[in-house]
2 protein chains.
Amino acid sequence: MGHGDEDTGCGGGWAPQPTLSQRLFAVAELARADFAVAVGRHGLTPVQARAVLMLDEAVPMSSVASHLACDASNVTGLADRLEALGVAERVPSSDRRVKLLRLTDRGSALRGELGRELAQGSAVTDRLTADERTQLAALLDKMLATPDA
Amino acid sequence: MGHGDEDTGCGGGWAPQPTLSQRLFAVAELARADFAVAVGRHGLTPVQARAVLMLDEAVPMSSVASHLACDASNVTGLADRLEALGVAERVPSSDRRVKLLRLTDRGSALRGELGRELAQGSAVTDRLTADERTQLAALLDKMLATPDA
DNA sequence: TATTGTTATACTCTATAACTATA
DNA sequence: TATAGTTATAGAGTATAACAATA
């Protein structure tokens, strides 16, 4: 290997001082795992849960795709699974090309539960004090500020 | 429990003030996407990249599995793909049940490139000042502090 | 012609269970 | 008996391309 890793500071591993990005990614993994476990308790996968959480009202399947940042073709199977679970259903639209996805009563109840649980904070953020959480929120908001748009 | 922002309060959407967890998750998604794009430029999937980055030296396949927090059976296919890409190879061990996974020369070079790129910081963290990055690092470290162990 | 959703196909990640070869 | 890796199988998320119905 011609040379290697010196700019990362460590002589071959990530050991001593992880970079900010590495730590951010590690926290992201924890948050993801937390989310997966939380929604898994309700029988949903993370993607299914994200769909349920966005379904405030009946929404075109194409909107679901763009919200999930995935190709529209995926939403067909996703909708199939949500229908099989009894939490959502397809309903026709005025534009007859469009199908709307809407939560069933059971889906709405589930969405409420999920919302309450997730709002309570994860095991990750629980390790911070109230002040620190405020600080963190400000930093996250800055990172989330849309650079374009 | 209970320090939740406001049990979602909103009559049906996430609109007004996302909770801390929601913002953390959003940043996590950005970081994940950044990582996927960065490693994708080198022809790797995120999981493949994580494997390459951990392969400081020859390591038992079982160790790869535990590092990736996945079942050992998955590492077979992962190793196959890394071998097909020419970045890693299986080598025998003294315990003849064990196979070690080791980077090829090409894999080591790739690992070096990845390490340098990732150390440079992501588009997400670039939106913060140096002071803010220090602050964020401290908060992240606190969240990462192992509660058990 | 352009758009929406579907289907067909394919790849990766993930898990469980059964199997092998070692120990 | 127990462990490491493989194989078989399955389901979910992702993508592209071709297609039908509708606009």
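Proteins get letters first, then strands, A, B, ... in listed order; numbering begins at 1 in each. Nothing here was measured: the structure is a model prediction, and the numbers come from that model.
- Taking a 4.0 Å limit (strictly below) on heavy-atom distances, residues 26-48 of chain A does not reach DNA chain C anywhere.
- Here the closest heavy-atom approach between residue Ala28(B) and residue Ala28(A) is recorded as CB-CB, 3.3 Å.
- Listed here is the closest heavy atom pair of Glu89(B) and Leu103(B): OE2-O, 4.5 Å.
- An OP1 or OP2 oxygen of dT6(C) is reached within less than 4.0 angstrom by a side-chain nitrogen or oxygen of Arg90(A).
- Here Val98(A) sits in one hydrophobic cluster together with Val91(A), Leu100(A); the rule is ILVMFWY side chains under 4.5 Å apart, joined directly or through other members.
- For the pair Glu83(A) CD and dT6(C) P, the interatomic distance rounds to 9 Å; values are reported in whole Å.
- A donor-acceptor pair under 3.5 Å is absent between the side-chain atoms of Ser122(B) and the main chain of Ala31(B), judged by distance alone.
- Judged purely by atom type and a 3.5 angstrom limit, Gln22(B) uses its side chain to pair as donor or acceptor with the backbone of Thr19(B).
- Here the closest heavy-atom approach between residue Gln48(B) and residue Leu85(B) is recorded as OE1-CD1, 3.8 Å.
- Using a 4.0 Å cutoff on non-hydrogen atoms, the parts of residues 61-71 of chain A near DNA chain C are Met61(A), Ser62(A), ordered by number.
- Positionally, the nearest nucleotide of DNA chain D for Ala79(B) lies more toward the 5' end than for the other of Ala79(B) and Leu78(A).
- Protein atom CZ of Arg81(B) is 16 Å distant from nucleotide atom P of dA10(C), rounded to whole Å.
- Rounding to the nearest 0.5 Å gives a distance of 7.0 Å between CE of Met54(A) and OG of Ser66(A).
- Applying a 4.0 Å cut-off to non-hydrogen atoms, the residues of residues 92-103 of chain B that approach DNA chain D are Arg97(B), Val98(B), Lys99(B), listed by residue number.
- Each end of the helix from dT1(C)-dA23(D) to dA23(C)-dT1(D) gets its own rotation axis from five pairs of C1' atoms, and the angle between them is 10° to the nearest 10 degrees.
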Exercise. After noting the C-alpha distance and the side-chain angles of Asp95(A) and Ser93(A), does the key distance pass the side chain to side chain donor-acceptor pair (under 3.5 Å) rule?
Worked result: CA-CA 5 Å; Asp95(A) 181 335; Ser93(A) 163; over 6 Å; no

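- Sorted by first and then second residue, the ring-ring contact (aromatic ring centres under 6.0 Å, His included) pairs involving residues 19-44 of chain A (not counting sequence neighbours) are Phe25(A)-Phe35(B), Phe35(A)-Phe25(B).
- One finds no salt bridge joining Glu57(B) and Arg102(B) here, because no Lys/Arg side-chain nitrogen approaches an Asp/Glu carboxylate oxygen to under 4.0 Å.
- A donor-acceptor contact shorter than 3.5 Å is absent between the side chain of Arg106(A) and the backbone of Val87(A).
- Side-chain atoms of Ser73(A) and base atoms of dT16(D) include a donor and an acceptor less than 3.5 Å apart.
- For Arg90(B) and Asp80(B), the salt-bridge test passes: some basic side-chain N is under 4.0 Å from an acidic carboxylate O.
- Note: CG (Asn74(A)) to P (dT12(C)) measures 16 Å, nearest angstrom.
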Problem set entry | Derivation of the side chain to side chain donor-acceptor pair (under 3.5 Å) call for Thr129(A) and Asp131(A) | CA-CA 5 Å; Thr129(A) 67; Asp131(A) 270 2; 5.6 Å; no

